[in-house]
Amino acid sequence: MDKWECPCGYIYDPEEGDFESGIQVGTAFEDLPEHWVCPKCGAEKEFFEKLD
Amino acid sequence: MVAWLIIGGGIQGTYLSHLLVQQCGIERENVCVLDPYETPLATWNRNTRNCGMHFLRSPATHHIDIPVLSLYRFAKPLALASRQMAHFIPPYNRPSLALFQKHCAHVIRNSRLSDLRITGRALALHKNRQSITAETSAGRIDTRNVILALGLGEQPCWPSWARRLKQAGARIDHVFDQEFRSSDIPDAFKSVVVVGGGLSAVQTALMLSKRLDGTVRLVSRHDLRESQYDFDPCWIGPKCLREFYRQDFGTRRETVDRSRVIGSLPAEVIQEFRSALAAMRLRFQKARIRSAQREGHRIRLDTDGGTVRADAVVLATGFHSKRPGGNFIDQVGKEFGLKCGPCGYPIIGEDLRWSANIFVTGPLAELQLGPCARNIIGARNAGRHLLKVLGPRH
């Protein structure tokens, strides 16, 4: 599964999930809820870029 | 007449000139960058070289190109060609300075950003009916819009004891002085003192300790503090900015000052510093310098922890926090009747407008962009705001 990077530098890694936001390990970026935002800076999903 | 005059050709001005041409579709002939230095990013390159930076503190997505992942893509073939080189370090994939500079040069060359530049210093802006005339050391430039992209690079912070010592002819320099080259410090010097407790100070001390035969001593008013960032990443996005926008301008200034983690170091630099201390390659003294005097060719520093003598003193005490731009910004504010906060910084709108056709970015825009305004990501955030005004392919 792909990693995605926020403009602030935070990288969403499906293998880690996002514990603080209740996102389970193994959740693909595409499957994150629409209201999910970057846990570091609050940017919405649309600002993330998929890492090559 | 040009459509856009950007005053300042550092990271901020260079990035925004690129954005105007590439993303807003403004014709190259209509964008002009006025900068007192001959080459783009001159101050940035000099300062980072002088303090021996190896890795940036910001992530790989913070750079001067338009596509967010440009630096990663640029690094890929380089990594294949030179396997031994670590281009990024964790956390957040921070690029090496060498890679970052190569990437900047690549972007500037490929997009011919140097062609947009005029070497000169802005002296004043004059209001015309539908345009602005910039009075500069290179002559007059008529423009429809101005972006003020001045940095802090020209105001290194000199403590009063240090200024007096310099006037007395002692060998004392600031690592951010225009004329200073750290390579000018002779290898044979027996004792060099670096003053400061932040990243530039520790990097300078480490670099000198590797090169000089004698003792390098770091004198800091405080213990070294570890922090991965010079501001919390929450300031890059809406997480912290939402509350910031609810504050009045006096409070915003306090918030900006409080939120910048001054005098701190990322973990890998602290670790390198501790190793150097353990290997006796350099010394650390927590002390406040009370006075200083010249003793022949040497310097005597009287601190609250005792007396230190040195062949040379290098200040790495950061930048003065006063508003950049000096008299020039005062003149602009007066000529156009513009508002400033209690701290003297421009009060600008969400669209970064100080007036109908004067835009502000960089540290001058801190009351709107927050604590990250002066950083590379501050330039990118400013770009997003400008794009809202101009629209892509304007």
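First the proteins, then the strands, lettered A, B, ... as listed; each starts at 1.
Looking at every heavy atom in both residues, A:K50 comes nearest to B:L69 through O-CD1, 2.8 Å. Pairing each heavy atom of A:E5 with each of B:P59, the nearest pair is OE2-CB, 4.3 Å. A:P7 approaches B:I377 most closely through the heavy-atom pair O-CD1, 3.7 Å.
When heavy atoms are compared at a cutoff of 4.5 Å, B:R380 does not approach chain A at all. Within the 4.5 angstrom heavy-atom criterion, no atom of B:N381 approaches chain A. Contacts between B:R94 and chain A at a heavy-atom distance below 4.5 Å are absent for every atom of the residue. Within the 4.5 angstrom heavy-atom criterion, only side-chain atoms of A:F47, from C-beta onward, approach chain B.
Expressed to the nearest 0.5 Å, how far CG of A:L51 lies from CG of B:N93 amounts to 7.5 Å. One finds the CZ atom of A:F48 at 10.5 Å from the OG1 atom of B:T61 (value rounded to the nearest 0.5 Å).
Residues of residues 38-45 of chain A having a heavy atom under 4.5 Å from any heavy atom of chain B, listed by number: A:P39, A:K40, A:C41, A:G42, A:A43.
Heavy atoms of other residues, nucleotides or ligands lying less than 6.0 angstrom from CD of B:Q271 number 12 at most. Within 6.0 Å of the CD atom in B:E350, the count of heavy atoms belonging to other residues, nucleotides or ligands does not exceed 12.
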